[in-house]
Amino acid sequence: MSVATERREWTNWSRSVRFTPGEIVAPSTEEEVVDIVRRARRDGRRVRPVGRGHSSTPLMATDDVLVETHNLSGVVRADREACVATLRGGTGLEDIGPLLHEHGLALENFGDVAFQAIAGAIGTGTHGTGGELGNFSRNLLGFRVVTGTGDVVEVGADDVEELRAGRVALGALGIMTELTLRVVPAFRLRRLEWCVHLEDCMARYDELVHRNRNFDFYWHPRRDEAQIRILNEPGTEPEDLVAELPPERDEIRKDGTDWSFKIQPQQRGILFDEMEHALPYERFREAFAETRERVKAEHRKDVAWRVLCRTVAPDDGFLSPFLGRNSTTIAHLQNATLDWKRYFADMEPRMRAYGGRPHLGKKHTAAAADLRAMGLEVDRFDAVRERFDPDGVFLNDHLRELLGLEDA
Ligand SMILES: Cc1cc2nc3c(=O)[nH]c(=O)nc-3n(C[C@H](O)[C@H](O)[C@H](O)COP(=O)(O)OP(=O)(O)OC[C@H]3O[C@@H](n4cnc5c(N)ncnc54)[C@H](O)[C@@H]3O)c2cc1C
């Protein structure tokens, strides 16, 4: 069995990560994945899996074999009674919505877009927003993975260490071919979006978090406005709260109702780069106040984008930014054609000072010692990784730095 290979430069979505792998392969079956890994291991070469390339750190960078996973797509099984679904690792989030809908099921939550693959989203702790809602990987119940030895290992609910490592695994445990997730019955949501003055949003911040299924806001620095976005099951909206936060300038800009998978993710035209930190919920206000002050004082003339704030429930992933605590995230965004380095370099230490932990799929400079100091379980993660990949077939320089490993 052989899979066609090609050699070309690979770039991520924002085009800030570029490299030319020795070969790019796109297997369609688990057997082909096994064959690729065994062959690479035999030849002393490294392997990196990639989903849709929406991360902007060099997680997938390799001189050797890059495994694209888009052909490993589809629903393996869905159980409406149990609210459990098994998906192939390369299935795009945009396909999962309609596929699960055929079974009367839905993902519990979405992030801002649906362009990622499910294993890619789970691989970096991708999240949406919601005081009670965790990141995608919190719903991971089990997975099948082709390990660094080319064996297929099945991880289930009883394999506690492996499952906790598998929640934000950064593609370091191997190539996940199937993921089993807790899902929910299909549901509809009403989306309301409007702008208020930032101070009004902050004054009602806790209520906005706790009285809506999904609430987040964009801060527009130039107008000092908060663009509030709330989503609720129809009939459960906090009408009084909405009425007490009248729009700053115009009428409500968006008001629509649809199935969750149709109305939650948005489209993105302009390329941007992003750095995002998960802060302890209690420290968000101080951290955001500093962001606001710094952006106004130092960056407003250069920064073309807004700042996004979301809330995420705790989970137990060893490398998850939400490990063990309620969090609010602050995302600093910059148009990909403009300089993001000066802005992010100024804000990153400030976010860390408030207990911020980085989104590992977005720009950051954290290494193993930083992640440990932030309370992440780097060593427990690495103990599982070493069992799954004793020869380091799935390591690259970036992962070595994150995990504190010497060059192999
Ligand atoms: C426009 C845009 C919007 C975004 N919105 C959000 C958002 O709302 N919330 C949020 O939290 N993040 C968001 N992100 C970040 C994004 O969700 C993450 O970077 C995510 O990991 C990208 O998924 P992907 O499929 O592109 O994975 P990739 O970037 O391709 O890979 C991510 C990691 O997963 C690993 N991986 C991929 N497939 C497999 C597999 N089959 N088995 C094992 N490992 C695998 C890779 O090796 C890598 O380490 C956004 C990014 C962009 C560009």
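One-based numbering, in listed order, for ligands and for the atoms of each.
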Proximal ligand 1 atoms for [X], defined as those under 4.0 Å from one of its heavy atoms:
X	value
Val50	30 (O), 37 (C), 38 (N)
Arg48	47 (O), 49 (O)
Asp112	7 (C), 8 (O)
Gly174	42 (N), 43 (C)
Ala119	38 (N), 39 (C), 40 (C), 41 (N)

Could an N or O of ligand 1 be found under 3.5 Å from any N or O of [X], whether backbone or side chain?
X	value
Leu59	no
Gly120	yes
Gly125	no
Thr124	yes
Glu276	no
Glu274	no

**Message:** If the threshold is 4.0 Å, N to carboxylate O, is there a salt bridge linking Arg342 and Asp346?
**Reply:**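 Judged by the 4.0 Å cut-off on N to carboxylate O distance, Arg342 and Asp346 do not form a salt bridge.
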**Prompt:** Can a salt bridge be assigned to the pair Glu193 and Arg191 using a cut-off of 4.0 Å between side-chain N and carboxylate O?
**Reply:**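 Salt bridge present between Glu193 and Arg191.
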**Request:** Mark the output for Phe272 as yes if a heavy-atom distance to ligand 1 is under 4.0 Å, and as no if none is.
**Result:**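 Yes, that is the case, since the closest heavy atom of the residue is under 4.0 Å from the ligand.
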**Asked** Out of curiosity, is Gly53 lining ligand 1, as in a heavy atom under 4.0 Å away?
**Response**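 Under 4.0 Å: yes for Gly53.
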**Message:** Using ring centroids (six-membered ring only for Trp), state whether Phe136 and His127 fall under 6.0 Å.
**Reply:**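 No, the ring centres sit 6.0 Å or more apart.
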**Item:** Nearest-neighbour protein heavy atom for atom 32 (C) of ligand 1, which is reported as residue plus atom name and distance
**Value:**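 Looking at atom 32 (C) of ligand 1, the protein heavy atom closest to it is Ser55 OG, 3.4 Å.
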